[in-house]
Amino acid sequence: SKKSQKMSQQQQQQPNAEESVFNRRFVAIGDVVLLKQRHGNTKTVRVTSADGTVQTVGGLLKFSDLIGRRYGSRLVTKRGFVRLLPLVPELWARALPHRTQILYPPDTCLIVAQLDLRPGRIVLEAGTGSAAFTHCLARTVMPTGRVLTFDFHAERAATAQRELTEHSLQRWAVCEHRDVCQLGFPAGSNADAVFLDLPQPWLTVPSLPACLRPGARFGSFSPCVQQAERTAAALRECRRFTDLIGMECHQRRYSLQPRSLPSADLGPEDDGNDAASAPAPEDDKEAPGKSTASVSKEASSLPLRVAATEPAYEQPCHSGFLLFATFYGPAE
Ligand SMILES: C[S@@+](CC[C@H](N)C(=O)[O-])C[C@H]1O[C@@H](n2cnc3c(N)ncnc32)[C@H](O)[C@@H]1O
């Protein structure tokens, strides 16, 4: 009926409190929507009210046309269309305004797994940078966990905190302005994990025993192997860490193509068995063209259809050196 249609439309306009920020099904007022335009270009827009508008490559869009639409759907514009995508960390990493280098999904997936992160975990992070990884961390620890992230660049820290609030993530991720190499992480955090993506991670190590719970996981990302070596040395010197491992994440693409392979002509069949290769007695012989040799020759002349994999042409490379370790607990 018209009444129930109107009710469901109204429900779709209000964000469902039970839905995770990263798991919205319909666009609602207050959402940050990623508009995928032509040529893979993505525009980010916050739907502030029903009256607003947004300019896209294909023309002006009214917010009222976005509200209530299902994420993933296509919206026709004057000169083309846009695809409505939700704010999820992997898509956000492609759309965000870069203030620094950021971490990308091949590394972030590995880090989240290695740090044993899950809902309810307390995580310390530095530096925040463009907060790309902070979004990933927040999604992993919600709804009961928390991320405390630090950056010594005041403007960057303020921008990250503003962005986290705009994305309705402030309950799960808080960014503070702090130099963690000079001041360390706040003592007494009793965190389940710490992750470092900054130039001198080794300088933070002496502060870690006071802010991690026994069994907590340590992780760091460094672009140069010398940084990873210095951090590993600091962890050993601290004597409170075990299971120290270094890793690199290589991503290598394969293309899967159907191929026809010509069969090799191996000449007349000869299995080396003298008895078999000897002429068959007259009454054993089959009709001409039906001999075993001629049948197998016929089959072998057919091209072979296979699904072939081949590595992509670009040189596979890694993005950085990862270090992981487990914290024993503070000294007795
Ligand atoms: C490469 S960025 C981190 C990027 C982040 N992982 C992301 O995915 O967006 C490194 C950040 O560390 C910050 N930084 C460097 N030294 C720091 C320190 N001693 N304390 C806190 N932050 C620091 C820098 O300001 C910079 O923003």
Side-chain angles (χ1 to χ4, degrees), residues 21-22 32-34 42-46 48 87-112 115 117 121-142 145-187 189 191 193-208 211-212 218-224 227-228 230-231 319-323:
V21 176
F22 293 124
V32 174
V33 184
L34 308 181
T42 304
K43 179 162 189 142
T44 309
V45 62
R46 185 174 162 78
T48 45
L87 178 90
V88 291
E90 290 73 19
L91 296 176
W92 177 242
R94 292 198 211 166
L96 64 81
H98 278 219
R99 278 101 52 186
T100 59
Q101 263 296 357
I102 66 165
L103 294 175
Y104 288 95
D107 286 305
T108 57
C109 304
L110 180 62
I111 298 164
V112 165
L115 295 186
L117 298 183
R121 295 296 208 205
I122 307 289
V123 190
L124 301 173
E125 184 200 20
T128 315
S130 306
F133 190 44
T134 314
H135 279 68
C136 236
L137 292 171
R139 177 183 56 187
T140 311
V141 302
M142 63 180 26
R146 211 164 141 83
V147 184
L148 300 172
T149 181
F150 303 92
D151 204 296
F152 76 169
H153 190 290
E155 200 185 316
R156 235 172 255 163
T159 309
Q161 184 55 55
R162 195 174 54 242
E163 216 168 62
L164 292 168
T165 307
E166 275 172 15
H167 296 173
S168 310
L169 291 173
Q170 69 277 19
R171 263 174 63 195
W172 301 285
V174 174
C175 180
E176 281 180 22
H177 173 219
R178 183 181 180 100
D179 185 335
V180 292
C181 292
Q182 290 238 334
L183 304 172
F185 285 94
S189 313
V194 59
F195 185 74
L196 308 170
D197 177 8
L198 37 80
Q200 297 178 304
W202 57 91
L203 294 180
T204 68
V205 172
S207 78
L208 297 182
C211 57
L212 296 177
F218 166 95
S220 81
F221 173 97
S222 298
C224 304
Q227 291 166 301
R230 283 192 77 167
T231 312
S319 51
F321 295 91
L322 290 159
L323 266 190

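Within a 6.0 Å radius of CD in Gln101, other residues, nucleotides and ligands contribute 12 heavy atoms or fewer.
Between the side chain of Thr204 and the main chain of Gly184, no donor-acceptor pair closer than 3.5 Å is present. Proximity of a side-chain donor or acceptor of Arg46 to a complementary backbone N or O of Glu166 within less than 3.5 Å is detected. Side-chain atoms of Thr149 never come within 3.5 Å of backbone atoms of Cys175 as a donor-acceptor pair (strictly under, hydrogens ignored). Of the possible donor and acceptor atoms, one in the side chain of Arg99 sits under 3.5 Å from a partner among the backbone N and O of Ser130. Judged by distance alone, with hydrogens and angles left aside, the side-chain atoms of Gln227 form no donor-acceptor pair with the main-chain N or O of Pro201 at under 3.5 Å.
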Criterion side chain to side chain contact (heavy atoms under 4.5 Å, CB included) on Phe133 and Val112, from CA distance to verdict: CA-CA 10 Å; Phe133 190 44; Val112 165; 4.1 Å; yes
Gln161 vs His177, side chain to side chain contact (heavy atoms under 4.5 Å, CB included): CA-CA, chis, key distance, verdict: CA-CA 10 Å; Gln161 184 55 55; His177 173 219; over 6 Å; no
Worked verdict on Met142 versus Phe22 for side chain to side chain contact (heavy atoms under 4.5 Å, CB included): CA-CA 10 Å; Met142 63 180 26; Phe22 293 124; 4.0 Å; yes
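Across all non-hydrogen atoms, the minimal contact from Ser168 to Val21 is O-CG2, 3.5 Å. Here the shortest heavy-atom pairing between Asp151 and Thr128 reads OD2-N, 3.2 Å. The heavy-atom pair separating Ser319 from Phe221 by the smallest distance is O-CZ, 3.5 Å. For the residue pair Ser220 and Thr231, the shortest heavy atom distance occurs at OG-CG2, 4.1 Å. Across all their heavy atoms, Phe321 and Ala228 have their closest contact at CB-CB, 3.9 Å. Phe185 and Glu125 get closest at one heavy-atom pair: CE2-O, 4.0 Å.
Using a 4.5 Å heavy-atom cutoff, the side chains of Glu163 and Trp92 are in contact. Side-chain contact between Leu124 and Cys211: present, with at least one pair of heavy atoms (C-beta onward) separated by less than 4.5 Å. Looking at Trp172 and Leu137, their side chains never come closer than 4.5 Å, going by heavy atoms from C-beta outward. No side-chain heavy atom of Thr42 sits less than 4.5 Å from a side-chain heavy atom of Leu91. Residues Phe195 and Val147 are not in side-chain contact: their nearest non-hydrogen atoms beyond the backbone lie 4.5 Å or more apart. Residues Leu169 and His135 are in side-chain contact: their nearest non-hydrogen atoms beyond the backbone lie under 4.5 Å apart. Inter-residue side-chain proximity for Val174 and Leu164 is flagged as unmet; no heavy-atom pair is nearer than 4.5 Å.
Within the model, atoms NE2 of His167 and CZ of Arg162 stand 10.5 Å from one another, a figure rounded to the nearest 0.5 Å. The line from OG of Ser189 to CZ of Arg146 is 10.5 Å long, rounded to the nearest 0.5 Å. Atoms CG and CG, on Leu322 and Leu110 in that order, are 6.0 Å from each other to the nearest 0.5 Å. With rounding to the nearest 0.5 angstrom, the CG atom of Leu117 is 10.0 Å from the CD1 atom of Ile111. Once rounded to the nearest 0.5 Å, the distance linking CG of Asp197 with OG of Ser222 reads 8.0 Å.
Among Thr44, Val32, Val33, the single residue meeting the side chain to side chain contact (heavy atoms under 4.5 Å, CB included) criterion with Leu87 is Val32.
Below 30°, between 30° and 60°, or above 60°: for Tyr104 and His98 the angle between ring planes is between 30° and 60°, a tilted geometry.
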